Novice: 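Encoded as structure tokens, here's the structure I'll be asking about.
In this text, all values refer to a predicted model and were calculated from it rather than measured experimentally. Order of the sequence lines fixes the chain letters, A, B, ..., with proteins taken first and strands second; residue numbering starts at 1 for each chain.
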There are 2 protein chains.
Amino acid sequence: MRISELSSATGVTVPSIKYYLREGLLPQGELTSANQASYADSHVQRLKLIRALIDVGGLAVATAKDVLGAIDDTSLPLTCVFGIAQRAVSDTSLYEPVEGETDGTRQVRETIDRMGWHVSSDNPGIQGAARVIDTYTRVGHPELAQIWEGYAEAAELIARADLATVARNERLEAMAETVVVGTVLGDALVSSLRRMAQEHISNLQFPAPKE
Amino acid sequence: MRISELSSATGVTVPSIKYYLREGLLPQGELTSANQASYADSHVQRLKLIRALIDVGGLAVATAKDVLGAIDDTSLPLTCVFGIAQRAVSDTSLYEPVEGETDGTRQVRETIDRMGWHVSSDNPGIQGAARVIDTYTRVGHPELAQIWEGYAEAAELIARADLATVARNERLEAMAETVVVGTVLGDALVSSLRRMAQEHISNLQFPAPKE
DNA sequence: AACTATCGGATAGTTGTGCTGTCCATACCG
DNA sequence: CGGTATGGACAGCACAACTATCCGATAGTT
């Protein structure tokens with residue numbers, strides 16, 4: 001398969017494919033001569049995955065490169081892949097360490113205890129959650145900082161579904177990819193479902209007159 | 001309060017404040033003469049809100065302008081503000097309409113029915129969820145498309161917590177802002193909690209040897 | 001009243017990201 | 001054998017979000 005066929009098989013333009021090759025997201029094709037290369041089905045799959053991570057998962061190109069590297073490194077244990085995928089979706093200013101002890105970090109620790117969770121202190125979720133809580137108060141909406149109880153229960157349900165799906169996978173070598181795709185795209189799915197549920201519950205609580 | 005005081009009160013640089021003024025996110029200060037303006041506490045609050053939406057919520061500047069407009073428009077009913085906030089967080093390629101009937105849209109409709117939700121057909125979550133489902137299959141991980149059951153239950157829990165918090169607000173004129181902040185920042189909070197819960201559940205299912 | 005720092009407003013420039021376009025020597029295809 | 005496609009290098013582009021510079025006016029100190 002040559003580059004133009006790879007392009008038409010995936011809908012990605014040839015210049016973009018060349019860009020991903022340059023950036024190291026897509027492995028080089030097998031060179032058949034000085035300036036001819038052939039691409040396999042695995043390149044089609046990889047390219048679809050790249051676009052999924054970038055377009056649907058919202059990852060930056062450089063971040064996508066990192067998680068693809070984690071998928072390819074078969075020596076990495078699964079928990080490690082999880083961590084890399086988590087850090088990838090968390091690759092925004094949101095997750096930069098909050099300096100020192102804040103109300104947010106305190107509340108997050110309390111909730112972790114209450115839920116009986118066992119979470120390592122470098123989990124990016126801790127920083128992210130603490131920052132959101134602190135922001136709620138900062139913008140003058142401390143009432144939102146109490147929204148926790150429902151969210152934490154829900155997060156545990158989600159994580160159970162996540163792990164059950166990963167465990168159900170029979171092909172062991174595909175599990176790393178499942179973990180990455182599930183973690184990165186799962187956020188978008190949860191948000192989308194939240195939008196729908198919000199409208200439903202909102203209709204129950206504030207019934208609008210039919211137009 | 002002059003612009004430099006506004007700057008030091010919020011930690012936002014003077015050029016950035018000028019930029020937000022230009023773009024219409026921050027209302028002009030009251031002109032005391034041809035080239036002197038004074039800013040009030042409301043400007044400090046607004047500026048903090050702007051940075052929260054952009055930095056923590058991840059909104060684009062232009063999108064933040066839209067939701068701020070929705071907060072200010074007191075004639076808008078709350079359900080409308082909800083919709084605008086939802087569309088704001090959904091302002092990525094993820095939510096562009098999927099053309100035609102796909103497996104994803106079919107599965108989303110099924111889930112909506114099963115959950116007994118009442119969701120209008122232009123809810124951005126429908127497009128977003130459908131696209132994620134379709135992407136799961138496209139990248140060769142159809143097993144993830146079954147992750148639904150847990151997610152939908154969890155989304156309903158989250159939405160209940162959201163609505164309960166909004167309803168609990170005593171100041172009616174602040175409810176629109178609560179809705180926006182809760183919707184926009186809530187996604188980040190849910191994702192963060194998901195990261196923590198994932199690590200916890202992952203430790204339960206795949207206990208790692210202590211180093 | 002002079003002087004200096006700061007102001008608002010306008011405009012231009014910078015940085016980073018994610019492509020896209022052009023070029024060229026080579027290679028395949030009819 | 002001639003036209004089209006290829007790989008690779010490099011420059012260019014569009015957009016977003018600032019950031020820097022300049023200007024004449026003004027506020028506050030002296």
Novice: Going by ring pair (Phe, Tyr, Trp, His ring centres under 6.0 Å), name the pairs with one or both residues in residues 32-76 of chain A, residues two or more places apart or in two chains.
Specialist: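 Applying ring pair (Phe, Tyr, Trp, His ring centres under 6.0 Å) to every pair that reaches into residues 32-76 of chain A, excluding sequence neighbours, yields A:Y39-A:H43.
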Novice: Does A:W148 reach the side chain of A:V108, with side-chain heavy atoms less than 4.5 Å apart?
Specialist: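 Yes. Closest side-chain heavy atoms under 4.5 Å.
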Novice: Output yes when A:E156 and A:R160 qualify as a salt bridge under the 4.0 Å nitrogen-oxygen rule, no when they do not.
Specialist: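 Judged by the 4.0 Å cut-off on N to carboxylate O distance, A:E156 and A:R160 do form a salt bridge.
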Novice: Under the rule for salt bridge (charged side-chain N to carboxylate O under 4.0 Å, His left out), what residues qualify as partners of A:R2, not counting sequence neighbours?
Specialist: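 Here the qualifying residues are A:E5.
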Novice: Residues in salt bridge (charged side-chain N to carboxylate O under 4.0 Å, His left out) with B:R22, at least two apart?
Specialist: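 In terms of salt bridge (charged side-chain N to carboxylate O under 4.0 Å, His left out), with neighbours along the sequence ignored, B:R22 is linked to no residue.
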Novice: Could you give the start and end, 5' to 3', of the contact zone on DNA chain D for chain B, using atoms under 4.0 Å from its heavy atoms?
Specialist: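 Using the under 4.0 Å cut-off, the span is D:dA17 to D:dA27.
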Novice: Name all pairs fulfilling the salt bridge (charged side-chain N to carboxylate O under 4.0 Å, His left out) condition that reach into residues 30-42 of chain B, sequence neighbours left out, sorted by first residue then second.
Specialist: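 Pairs touching residues 30-42 of chain B that pass the test: none.
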Novice: Mind checking salt bridge (charged side-chain N to carboxylate O under 4.0 Å, His left out) for A:D187 and listing every partner two or more places apart, or none if nothing turns up?
Specialist: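 Salt bridge (charged side-chain N to carboxylate O under 4.0 Å, His left out) list for A:D187, sorted by chain: B:R194, B:R195.
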Novice: Quick one: list whatever passes side chain to side chain donor-acceptor pair (under 3.5 Å) with B:E143, sequence neighbours left out.
Specialist: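 Only A:N169, A:T178, B:H141 meet the side chain to side chain donor-acceptor pair (under 3.5 Å) criterion with B:E143.
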Novice: Got a sec, which residues hit salt bridge (charged side-chain N to carboxylate O under 4.0 Å, His left out) with A:R131, two or more places apart in sequence or on another chain?
Specialist: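 None.
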Novice: Determine which pairs satisfy salt bridge (charged side-chain N to carboxylate O under 4.0 Å, His left out) with at least one residue from residues 50-64 of chain A, sequence neighbours left out, and list them in order.
Specialist: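 Listed by first then second residue: A:R51-A:D55.
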Novice: So if I take residues 52-69 of chain B and measure heavy-atom distances to DNA chain D, which residues fall below 4.0 Å?
Specialist: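 Under 4.0 Å from DNA chain D: B:A60, B:V61.
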Novice: Does anything in residues 4-28 of chain B come within less than 4.0 Å of DNA chain D? Heavy atoms only, and list the residues if so.
Specialist: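 Those residues are B:T13, B:P15, B:S16, B:Y19, B:Y20, B:R22.
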Novice: Across all strands, who's sitting opposite C:dT20 as a Watson-Crick or G-U wobble pair, both distances under 3.5 Å?
Specialist: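 Answer to the pairing question: D:dA11, which forms a Watson-Crick or G-U pair with C:dT20.
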Novice: Any idea which heavy atoms bring B:V67 and B:A88 closest together, and the distance?
Specialist: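 Looks like CG1-CB, 3.2 Å.
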Novice: If only side-chain N and O atoms count, and only distance matters, is there a donor-acceptor pair under 3.5 Å linking B:S7 with B:S4?
Specialist: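 No.
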Novice: Between residues 29-42 of chain A and DNA chain D, which residues have a heavy-atom gap below 4.0 Å?
Specialist: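 Residues of residues 29-42 of chain A that come under 4.0 Å of DNA chain D are, in numerical order, A:L31, A:N35, A:Q36, A:A37, A:Y39.
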